[in-house]
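Presented below is the structure to which this report refers.
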Amino acid sequence: MKDWQLFFLILIYCFLVQVLILENINVGFWFHPFVYLFFLLYLPPDLPKWLSVLVFFFVGFVFDIFLNSFGIHASACLILGLLKPFIAADNLSVAPTRDEEKGSWLNKGKRSFKIVFLLSFILVHHFWVFLLESMGHDFFTVLVPTWLASSAITYLFLILSEELFYKTFKFEK
Amino acid sequence: MGSVIQFIKTYLHLILFIIFQVFSLTLVVRFHAYHKIFFFNTSNDVIGVVKTFFNNVNEYRNLRDVNRSLVNENIYLRGFLKENFYIQTKDTFYVNDTLYKQYYVYEPANVIGNSVDKENNFLTLNKGKLSGIEKGMGVFGPDGIVGVVEDVSENFCLVMSVLNSKAIVSPKIKELNLSQGRLVWGNRSPYYAYLSGVNRYEKVKAGQLVVTSPYSKNFPENIPIGVVEEVKEIDGSFLTAKVRLSTSFSQLREVYIVKDLFKEELEKFNTIVEEQN
């Protein structure tokens, strides 16, 4: 399977899960995962910076339209889009590439990098989304618990989805 | 130009980020009622603080101009104060009569300057040349005579008060119908004047009314001067009477200036008399 086919498939998958499933079922008061980050964070790290910003913005914007939250997700995704190329490039230049290992680009660097990268980006994204949504209201009673719980769910979803996609569909170089 | 393109190329991602971020946040504010209110409230607060600060700075900086404009305004408004005006009435009283030809007309005036405690006292009235006031015109008040116009400007005139060492009035004792002697201000009391040069055999008594004489050059006849209070005999053949003036000079406000319509004609005779002598 080609790169673009995989990511197209991931996009469809994310869309279906986020818009058709998660929007229509009540996972819980504290849980508002944003699983479309799977698509964005697993995008190739060597995208040009400007393209990264553009893609992140448009994906965020499209989900904004469907999640009825004009501007909030676009704004959060833009932050990730700006930061991702720097951090990804940094990781790739330091860590030795393990070509033999099939999987996402995240598996090519250190193991710890993947966890830190995913968690930090998810936390930043979710924090910004919830902050914009609530405008700081009930910060410690609602915002922070929701933020942490949702981020954890999203992280789990990303790990599971990676297993699903990168193990089920053989990644071809 | 090249450097600009290079700059854009280098920072394209940052430029795009800023543009899209502004766009996104605009959407957030635009499409969410709560965010809109929050944003405008917060921004109003911030703008309010900033504007208040700059306003304060500007106000301080403009204090000099504000002061100047306030001073100008004060001057302008002060001009409307009642105290700044004198009433320039043109309602001179004329009497039309076919049998009696009018001799005098009266010009009402207000006292705007007055003194009673000096050796030579003067009054200032708010009528001048523009109202037809001339030197030598008599002035009397509601209670009696006041003085004679001494000097005239465009809008004002200076009146030599009866309370002046140089003032001489031709008196008449009304009860005796006696026009004799002269009235001068003797001591420095604003209440008394002295009638002198009256024949000692005239029956002048205390309580008799002293009015202006028909021979007076400045006044019509029978304007009150005062009341004889005490008769003193001096100089053998003449007596002197102390007259309590009817006019309360210190409370004088409204007066009338006497315009003698035949003054010119009479002056012609006076000059002939003077030439003959």
Side-chain angles (χ1 to χ4, degrees), chain A residues 34 36 40 43-90 121 124-139 142-143, chain B residues 1-70:
Chain A
F34 299 111
Y36 64 85
L40 292 176
L43 276 175
D46 49 359
L47 281 180
K49 290 168 189 167
W50 64 270
L51 188 62
S52 169
V53 170
L54 267 181
V55 170
F56 273 65
F57 170 73
F58 280 111
V59 170
F61 188 71
V62 168
F63 276 93
D64 262 336
I65 293 167
F66 287 102
L67 300 178
N68 205 16
S69 59
F70 288 97
I72 291 175
H73 290 279
S75 173
C77 290
L78 264 174
I79 296 170
L80 306 191
L82 184 74
L83 296 177
K84 194 192 160 200
F86 292 97
I87 291 165
D90 198 37
F121 269 58
V124 167
H125 173 272
H126 282 43
F127 182 76
W128 190 242
V129 168
F130 292 132
L131 187 72
L132 276 185
E133 267 182 358
S134 67
M135 281 288 161
H137 262 279
D138 303 323
F139 188 85
V142 177
L143 195 150
Chain B
M1 191 64 194
S3 62
V4 174
I5 293 168
Q6 188 59 42
F7 176 84
I8 291 172
K9 269 186 180 173
T10 313
Y11 293 104
L12 181 62
H13 60 289
L14 208 59
I15 294 165
L16 284 174
F17 171 78
I18 292 166
I19 292 169
F20 286 131
Q21 193 62 268
V22 169
F23 176 72
S24 308
L25 294 177
T26 310
L27 283 181
V28 172
V29 173
R30 178 77 183 77
F31 286 99
H32 301 264
Y34 173 70
H35 295 83
K36 193 188 242 177
I37 293 162
F38 180 89
F39 174 76
F40 283 114
N41 281 348
T42 312
S43 64
N44 280 349
D45 286 349
V46 174
I47 289 165
V49 169
V50 173
K51 281 200 167 182
T52 307
F53 174 74
F54 281 108
N55 201 29
N56 287 344
V57 172
N58 272 340
E59 270 183 4
Y60 183 77
R61 209 169 50 79
N62 291 336
L63 273 181
R64 187 189 298 266
D65 292 338
V66 170
N67 269 345
R68 197 173 296 136
S69 72
L70 281 177

Donor-acceptor pairs under 3.5 Å, chain A to chain B, main chain and side chains both?
unit_1	atom_1	unit_2	atom_2	d
A:Phe70	N	B:His32	NE2	3.4
A:Phe70	O	B:Val28	N	3.4
A:Phe70	O	B:His32	NE2	3.3
A:Ser75	O	B:Gln21	NE2	3.2
A:Ser75	OG	B:Gln21	OE1	2.3
A:Leu132	O	B:His35	NE2	2.3
A:Glu133	O	B:His35	NE2	3.4
A:His137	NE2	B:Tyr34	OH	2.8

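In this structure the side chain of B:Leu16 never reaches within 4.5 angstrom of the side chain of A:Phe57, judged on heavy atoms.
Interface remark: A:Phe56 contributes no atoms to any contact with chain B (heavy atom separation under 4.5 Å).
Atom CZ of A:Phe70 sits about 10.0 Å away from atom CZ of B:Phe23, to the nearest 0.5 Å. Here CD1 of B:Ile18 is found 11.0 Å from CG of A:Leu78. Values are rounded to the nearest 0.5 Å. A:Ile79 CD1 to B:Phe17 CZ: the interatomic distance, rounded to the nearest 0.5 Å, is 5.5 Å.
Closest of all the heavy-atom pairs between A:Leu132 and B:Val28 is CD1-CG2, 4.4 Å.
Under the rule for a side chain to side chain contact (heavy atoms under 4.5 Å, CB included), the partners of A:Phe66 that lie at least two apart in sequence or sit in another chain are A:Phe15, A:Val19, A:Val62.
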